[in-house]
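To keep things clear, I will list the structure first and then write my remarks on it.
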There are 2 protein chains.
Amino acid sequence: MIELVETKAAIERGVLAKHMVTVVGRCSVDYFGRATSTLPSGKRLVLIKGDNSISIHQNRLVRPTNYIMGARISCELGEGTLKLKAAKTKPAERLTITFTGVHDLRSYEMELTDDLRLSGSERDLNEALMQDLSMIEPGLKPINQQQHFRKGICDIIAQDKDGNMVVIELKRRQADFDSVTQLQRYMREVENLKGIKARGILLAPGIRKNAKELLGQLGLEFCRLDFELTPHGKDGQKARIKGLERKQQTIMQHLKVG
Amino acid sequence: MIELVETKAAIERGVLAKHMVTVVGRCSVDYFGRATSTLPSGKRLVLIKGDNSISIHQNRLVRPTNYIMGARISCELGEGTLKLKAAKTKPAERLTITFTGVHDLRSYEMELTDDLRLSGSERDLNEALMQDLSMIEPGLKPINQQQHFRKGICDIIAQDKDGNMVVIELKRRQADFDSVTQLQRYMREVENLKGIKARGILLAPGIRKNAKELLGQLGLEFCRLDFELTPHGKDGQKARIKGLERKQQTIMQHLKVG
DNA sequence: GCTGGGAGAGGCTTA
DNA sequence: TAAGCCTTTCCCAGC
């Protein structure tokens, strides 16, 4: 057990130095802002970061039970309690953590830099696909990528061998209702813009049954994208398509990051 | 600095006991699963929880840079390194944290209970609304809520004073494209099911410009919802509707297309 | 620098 | 188990 007075001083020092501070103790939590929540007394880990973000973790799940960002942090001693307060405006938010006992407190000096994450995301897949759209369908030629429309951002626009406009929506995960309606929105935009009919292809590793039904009703097409993620390699290339079969629709994606 | 051998033992003990374990040290991270990502060496906090979830935190932002859930955890000593591995299937995911130095390690006994009380959720709003639908419009009577359709779950179905079916989609935050298309899907379901025309109302604190445009094109209505989040304990009520304002009174009955 | 728009992913709930 | 959907987000582009 650590004295609350001492805890207060340590938190203040840590916050000032932009350290990462961990406090483990018995506390209750009140949050008011975009939602309202009350957390009864319990033992939890409070994580204070160098950018003044605070998160309260219980002993399960990845996401914190409560959190706040970009707030002004202050400490306040009461009758056998220590209140850790964070408040911000726009939008107005208030987080109050009331400690009745602190089991442990640690302060770690740590860089504030944003960790560089080298990842294979939808963007990489998108780029890899743009290298050779003919893998989706022979004769398919790219026209534009990530074109901004008023009703969303379209992944890929292409033209098929017969000169038809083709709108392609790419999903890394199983496609759902939202994916289908997104594609439909882009299609409408393209059709209205150009005054012509367009084809729409949803490209994803899978699609939910009911979503597929909706897709069919809307006259859109689905193309299964069976890709494989591989560990990073060493040449400067980010993503490379190894192959795709129209029947089995298999794309092997190799991610290589320098 | 803590010896890696000692770290390994402590992590294994902590995981077994379902403690919350924190490890602060220099590490690199490789993740393979929903995406593929590599995090270069850096000082970070690794949080291991009693449900076997692992998250890696940098000194900024609430969200962890990497995480995994429901995985099998193991430790492995190498040449001057300690590898903390987590792997799971369905879907296949692998997370490997390679420590080259450990500054601190803590293990805290902590309950696994989940005790957050959140109020002001959409569910609360829904309940508050169902108490008196006439707030939306005089003479509106509830028929059903959370009705399951083939293409989604409809928040509220009601009947207006003229006997028209009214489909209501409720959002606790600014409505967007998805909100509009959701409402549209439910409308179609209702209309196909009953073979009649229905009205559709989107109920939200606000609506995005483009989403509103789409709403208008589809002949749907928007109703601004002004609500207040109430603190806990007050007669069990979690949300209170302050007011409802019809932005545009659009009666679409005469727009029926045969 | 702030703000609005859009897409994303964890986690809950019900069938 | 799967499907549907909600959310205290986060990024990015435009002002």
Side-chain angles (χ1 to χ4, degrees), chain A residues 29-37 39 53-56 60-71 86 88-95 114 117 119 121-123 146 148-155 169-179 181-182 185-186 206-214, chain B residues 33-35 51 53 55 60-70 90-91 93 114 116 118-126 146-155 169-179 181-182 185-186 204 206-213 229:
Chain A
V29 182
D30 285 287
Y31 170 79
F32 183 85
R34 281 165 281 196
T36 302
S37 72
L39 210 51
S53 62
I54 299 180
S55 43
I56 294 118
R60 62 187 292 265
L61 299 184
V62 168
R63 313 260 298 223
T65 51
N66 283 93
Y67 51 89
I68 195 165
M69 258 209 67
K88 62 175 288 206
T89 50
K90 274 174 70 167
E93 279 181 286
R94 235 177 336 102
L95 178 73
D114 195 6
R117 205 153 76 186
S119 64
S121 55
E122 179 174 320
R123 194 217 202 87
Q146 297 284 103
H148 284 67
F149 290 108
R150 298 191 34 237
K151 290 194 177 56
I153 299 163
C154 175
D155 281 337
E169 174 65 24
L170 178 65
K171 287 292 160 197
R172 255 182 33 216
R173 340 193 279 177
Q174 186 157 67
D176 56 12
F177 284 131
D178 195 29
S179 316
T181 51
Q182 260 184 58
R185 283 206 305 271
Y186 306 148
I207 185 167
R208 304 248 238 263
K209 200 164 161 288
N210 291 347
K212 187 168 190 178
E213 192 181 306
L214 178 61
Chain B
R34 300 172 297 259
D51 64 347
S53 61
S55 45
R60 62 186 294 267
L61 297 185
V62 168
R63 310 261 286 225
T65 51
N66 283 94
Y67 52 85
I68 194 166
M69 256 209 70
K90 269 184 66 164
E93 277 183 282
D114 183 16
L116 176 66
L118 188 82
S119 54
S121 62
E122 184 183 306
R123 194 194 189 89
D124 296 329
L125 280 179
N126 200 320
Q146 299 301 119
Q147 180 166 345
H148 287 64
F149 291 119
R150 274 187 78 72
K151 292 192 178 56
I153 302 160
C154 177
D155 281 339
E169 175 64 24
L170 175 67
K171 290 289 161 196
R172 72 175 301 283
R173 48 178 204 176
Q174 189 159 66
D176 57 11
F177 282 130
D178 194 30
S179 318
T181 51
Q182 263 185 59
R185 282 205 309 271
Y186 308 149
I207 184 167
R208 292 190 178 155
K209 200 162 159 289
N210 292 346
K212 186 168 187 178
E213 192 180 310
L229 304 172

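So you know, we letter chains A, B, ... as the sequences are listed, proteins then strands, and number each from 1. Everything numeric here is computed off the predicted structure, so don't read it as measured data.
- Residues that satisfy the salt bridge (charged side-chain N to carboxylate O under 4.0 Å, His left out) test with B/Arg173, not counting sequence neighbours, are absent from this structure.
- Within the structure, a side-chain polar atom (N or O) of A/Lys171 is placed less than 4.0 Å from OP1 or OP2 of C/dG8.
- One finds no side-chain N or O of B/Arg172 lying less than 4.0 angstrom from the OP1 or OP2 phosphate oxygen of D/dC5.
- Protein atom CG of A/Asp178 is 14 Å distant from nucleotide atom C1' of D/dT7, rounded to whole Å.
- Partners of A/Asp30 under the side-chain contact (heavy atoms from CB on, under 4.5 Å) rule, at least two apart in sequence or in another chain, are A/Thr38.
- Between C/dA7, D/dA3, D/dT8, one nucleotide has an atom nearer to the side chain of A/Gln182 than all others, and that is C/dA7.
- At the heavy-atom level, A/Arg94 lies nowhere under 4.0 Å from the strands shown.
- Between B/Tyr186 and D/dG4 there is no side-chain N or O to OP1 or OP2 distance below 4.0 Å.
- Regarding B/Asp176, its CG atom lies at a distance of 15 Å from the C1' atom of D/dC10, rounded to whole Å.
- Note: CD (A/Gln174) to C1' (C/dA9) measures 15 Å, nearest angstrom.
- Comparing D/dT8, C/dG5, D/dC6 by their closest approach to the side chain of B/Glu169 singles out D/dC6.
- Side-chain to base pairing of A/Ser37 with D/dT8: one donor and one acceptor N or O lie within less than 3.5 Å of each other.
- Whole-Å rounding puts the A/Ile207 CD1 to D/dA3 P distance at 11 Å.
- Atoms CG and CZ, on B/Asp178 and B/Arg185 in that order, are 7.0 Å from each other to the nearest 0.5 Å.
- Under the rule for a side chain to side chain donor-acceptor pair (under 3.5 Å), the partners of A/Glu213 that lie at least two apart in sequence or sit in another chain are B/Arg150, B/Lys151.
- In this structure, B/Arg150 atom CZ and C/dA15 atom P are separated by 16 Å, rounded to whole Å.
- A/Asn210 is linked by a side chain to side chain donor-acceptor pair (under 3.5 Å) to nothing, counting only residues two or more places apart in sequence or in another chain.
- Rounded to an integer number of Å, the gap from NZ of A/Lys209 to P of C/dA15 is 17 Å.
- The neighbour count for A/Lys88 NZ, taken as heavy atoms of other residues, nucleotides or ligands under 6.0 Å away, is above 12.
- When heavy atoms are screened at a 4.0 angstrom cut-off, B/Gly152 is found touching the sugar-phosphate backbone but no base atom.
- Sequence order on DNA chain C of the closest nucleotides to A/Lys90 and B/Glu93 puts A/Lys90 first from the 5' end.
- Note that OG1 of B/Thr181 and CD of A/Gln182 are 9.0 Å apart. Values are rounded to the nearest 0.5 Å.
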Canonical and wobble pairing (Watson-Crick, G-U, under 3.5 Å) of DNA chain C, dot-bracket with |: |||||||.|||||||
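- Look at CG on B/Asn126: it is 11 Å from P on D/dT7, rounded to the nearest Å.
- Applying the salt bridge (charged side-chain N to carboxylate O under 4.0 Å, His left out) criterion to A/Asp114, with sequence neighbours excluded, gives B/Arg60.
- Stacking between A/Tyr67 and D/dT8 is absent: the ring centroid is not both under 5.5 Å from the six-membered base ring centre and under 30° in plane angle.
- B/Gln146 places its CD atom 14 Å from the C1' atom of D/dA3, with the value rounded to the nearest Å.
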Return the polar atom pairs (N/O with N/O) between nucleotides 11-13 of chain C and the protein under 3.5 Å, or none.
{"residue": "C/dG11", "atom": "OP1", "partner": "A/Val62", "partner atom": "N", "Å": "2.8"}
{"residue": "C/dG11", "atom": "OP1", "partner": "A/Arg63", "partner atom": "N", "Å": "3.2"}

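- At the phosphate of D/dA3, neither OP1 nor OP2 sits under 4.0 Å from any side-chain N or O atom of B/Lys151.
- Residues that satisfy the salt bridge (charged side-chain N to carboxylate O under 4.0 Å, His left out) test with A/Arg34, not counting sequence neighbours, are A/Glu93.
- In this structure, of C/dA15, D/dG4, D/dT8, it is D/dG4 that holds the atom nearest to the side chain of A/Arg208.
- The side-chain contact (heavy atoms from CB on, under 4.5 Å) test applied to A/Thr65 returns A/Leu39, A/Ile56, A/Gln58, not counting sequence neighbours.
- Nearest-nucleotide positions on DNA chain D for A/Asn210 and B/Gly120 put A/Asn210 closer to the 5' end.
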